[in-house]
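Before any comments, here is the structure.
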Protein chains: 2
Amino acid sequence: MVESSEEKKRISESTIHRLSIYYRALSLLEKEKHETISSKELAKREKLTPAQVRKDLSFFGSFGTRGLGYNVVELKQKIAGILGINRQWRVALIGLGNIGSALVSYKEFVRQGFNIMKLFDNDQRKIGSNHKGIIVSDIKNLESELKEANIEIVIIAVPATVAQYIVDNVVEAGVKAILNFAPINLRVPPDVYLRNENMSMELEYLSFAMVNNHTPKRVKI
Amino acid sequence: MVESSEEKKRISESTIHRLSIYYRALSLLEKEKHETISSKELAKREKLTPAQVRKDLSFFGSFGTRGLGYNVVELKQKIAGILGINRQWRVALIGLGNIGSALVSYKEFVRQGFNIMKLFDNDQRKIGSNHKGIIVSDIKNLESELKEANIEIVIIAVPATVAQYIVDNVVEAGVKAILNFAPINLRVPPDVYLRNENMSMELEYLSFAMVNNHTPKRVKI
DNA sequence: TGTTTTATGTGAAATGGTTCACAAATAAAA
DNA sequence: TTTTATTTGTGAACCATTTCACATAAAACA
Ligand SMILES: NC(=O)c1ccc[n+]([C@@H]2O[C@H](COP(=O)([O-])OP(=O)(O)OC[C@H]3O[C@@H](n4cnc5c(N)ncnc54)[C@H](O)[C@@H]3O)[C@@H](O)[C@H]2O)c1
Ligand SMILES: NC(=O)c1ccc[n+]([C@@H]2O[C@H](COP(=O)([O-])OP(=O)(O)OC[C@H]3O[C@@H](n4cnc5c(N)ncnc54)[C@H](O)[C@@H]3O)[C@@H](O)[C@H]2O)c1
């Protein structure tokens, strides 16, 4: 079989994270009625370097105008396309406890096209109740309901002890992207994308920095 | 003044994050009654390489025994010392909304020595109320109460619109470490450590990965 | 006690990511 | 219209991190 002609560039994770940063900055610039922005100015705002901004963007195309900079609205749309947030994503959240309930109310997710459409829990008092217009489903029906609703991304907000078991079912249901809040190293097949949100880790970094007088190259994203 | 004889090695952020991972893994191994662990086995468990584990640890000393591996309890304590979590930290949380309330109930923080001792809000209905044994303070008294309670770390959980203003006051009160949940790029002086917890960014990574069939080098921590 | 096996600790090599520096393109000014 | 000022896009140089590979040391075993 002939190799696809499409170039498969290896984009670094840092570049992807910075695209998120550019997107957020451009949203603000749009609100502030800026028509164009130079890599220099954008870098200054986000404490990065102009070269970094240009190099990041150059992996995906030439979006600027020499002598002028980038059109704010246009670049924002380009980045949205690259990140895949110029569309709606169907998201389910499992575990409606402290953190799960907070996430359901997080408006930023919806604004970026991440729509929580299904909620699951195993607590009888929670099943059937209404959260932000969504009826909480019984975890027993996880697989069938995930499939039925065509869920593409699942957020895990259950205790660490049951997280692997839940994830196995989520994978079984064909979901390819998982955002995990449980402080545990989950096993998923190679074709499933997994990201972990670990808040203790960030506090531990602060602790380390204070104890060791750490001098970071720059503030973490 | 003579330069301190203490070596000031530049430890990478990735190394620090992996120390957190090792710590969590070792806690589990301790529970599972493992007496020793090799870099090979530890790496396998956390999907890292043995060389990586050894190199990370070697920045801080020689903690292992050739032919045997590392003593679980001993290494765990060493890492706790390196990360600065073999002590108690005095933490304050500002903004008792959705995410703030969830964080107050997060037991993992306490387990690692991060004790939330002060809560602040500007909502009259919340001020004076009791959350997990802590009376919510009026944001008006922020500076004086932060100083009085000797707060070392502040968690920001207020709307992005007011976050910079709040942070300015926190910095004014002499706090040197901030964990920020507001989706905004905060300005702090160079001697203040700032970490951002940005959940949209992780979802955006998943979105990017799915749209672009991204092949990461390895799963992000 | 001697031999074999296991596993650390660490320079050196390889890989990956960031910054430099400049040609090329366009805008702005003259 | 020509000149000057900006600013992009990108190889090349640089720097940081990861992996390799092996000398060294201790454990396990005979
Ligand atoms: N609270 C926080 O601020 C916070 C922060 C970061 C990470 N986390 C992590 O997020 C997870 C949830 O934390 P929490 O504080 O919200 O805990 P919680 O106990 O308040 O919530 C857990 C929820 O999961 C549900 N649940 C339990 N077992 C289940 C199952 N088998 N199937 C479906 N649902 C099930 C429970 O009914 C409950 O509603 C934990 O892993 C925790 O470590 C919490
Ligand atoms: N809800 C989530 O899951 C989530 C996730 C990630 C990040 N965040 C971010 O965390 C922040 C809080 O989000 P939320 O959903 O909890 O919002 P929220 O509105 O529920 O809570 C905000 C809290 O801050 C308080 N507050 C407002 N202004 C204040 C001031 N000047 N001084 C002191 N307190 C003040 C409010 O009274 C409220 O209690 C936002 O920046 C949000 O973007 C939220």
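First the proteins, then the strands, lettered A, B, ... as listed; each starts at 1.
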Q.
A side-chain contact here means heavy atoms from C-beta on lying under 4.5 Å apart; do B:Ile11 and A:Asn212 qualify?
A.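 Sidechains of A:Asn212 and B:Ile11: no contact.
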Q.
Using side-chain heavy atoms (C-beta onward) and a distance below 4.5 Å, is B:Val192 in contact with B:Val175?
A.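 SC-SC contact between B:Val192 and B:Val175 ruled out.
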To the nearest angstrom, how far is [X] atom [atom1] from [N] atom [atom2]?
X: B:Leu48; N: D:dC20; atom1: CG; atom2: P; answer: 14 Å
X: A:Arg10; N: D:dT18; atom1: CZ; atom2: C1'; answer: 14 Å
X: A:Asp56; N: C:dT18; atom1: CG; atom2: P; answer: 7 Å
X: B:Lys55; N: D:dA21; atom1: NZ; atom2: P; answer: 14 Å
X: B:Ile16; N: D:dA16; atom1: CD1; atom2: C1'; answer: 14 Å
X: B:Asn71; N: D:dA26; atom1: CG; atom2: C1'; answer: 15 Å
X: B:Glu13; N: C:dT18; atom1: CD; atom2: P; answer: 12 Å
X: B:Gln52; N: C:dT10; atom1: CD; atom2: C1'; answer: 14 Å

Q | Shortest non-hydrogen contact from A:Leu186 toward A:Gln164 | A |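 Closest approach of A:Leu186 to A:Gln164: CA-OE1, 3.5 Å.
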Q: Kindly assign one of parallel, tilted or perpendicular to the pair B:Phe114 and B:Trp89, based on the angle between their ring planes and the thresholds 30° and 60°.
A: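 Taking B:Trp89 first and then B:Phe114, their aromatic rings lie parallel (interplane angle under 30°).
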Q.
If the condition is side-chain contact (heavy atoms from CB on, under 4.5 Å), which residues does B:Arg66 pass it with, not counting sequence neighbours?
A.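 None.
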For [X], I'd like to know if atom [atom1] has over 12 heavy atoms of other residues, nucleotides or ligands within 6.0 Å.
X: A:Glu143; atom1: CD; answer: yes
X: B:Lys176; atom1: NZ; answer: yes
X: A:Lys78; atom1: NZ; answer: no

Could you list, one pair per line, each protein nitrogen or oxygen that sits under 3.5 Å from a nitrogen or oxygen of nucleotides 13-15 of chain D, together with the distance?
none

Under 3.5 Å, which protein N or O atoms sit close to an N or O of nucleotides 7-9 of chain C? Give each pair with its distance.
from  : atom 1 : to      : atom 2 : distance (Å)
C:dA7 : O4'    : B:Gly67 : N      : 3.1
C:dT8 : OP1    : B:Ser39 : N      : 2.7
C:dT8 : OP2    : B:Ser39 : OG     : 2.6
C:dT8 : O2     : B:Arg66 : NE     : 3.2
C:dT8 : O2     : B:Arg66 : NH1    : 3.2
C:dG9 : OP1    : B:Phe63 : N      : 3.1
C:dG9 : OP1    : B:Gly64 : N      : 3.0
C:dG9 : OP2    : B:Tyr70 : OH     : 2.9
C:dG9 : O4'    : B:Arg66 : NH2    : 2.9
C:dG9 : N7     : B:Arg54 : NE     : 2.7
C:dG9 : O6     : B:Arg54 : NH2    : 2.9

Q | OP1 or OP2 of C:dG17 under 4.0 Å from side-chain N/O of A:Ser14 | A |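 So the side-chain polar atoms of A:Ser14 never come under 4.0 Å of the phosphate oxygens OP1 or OP2 of C:dG17.
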Q: For residues A:His214 and A:Tyr205, establish whether the separation of their ring centroids is below 6.0 Å.
A: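 Ring centres of A:Tyr205 and A:His214 closer than 6.0 Å.
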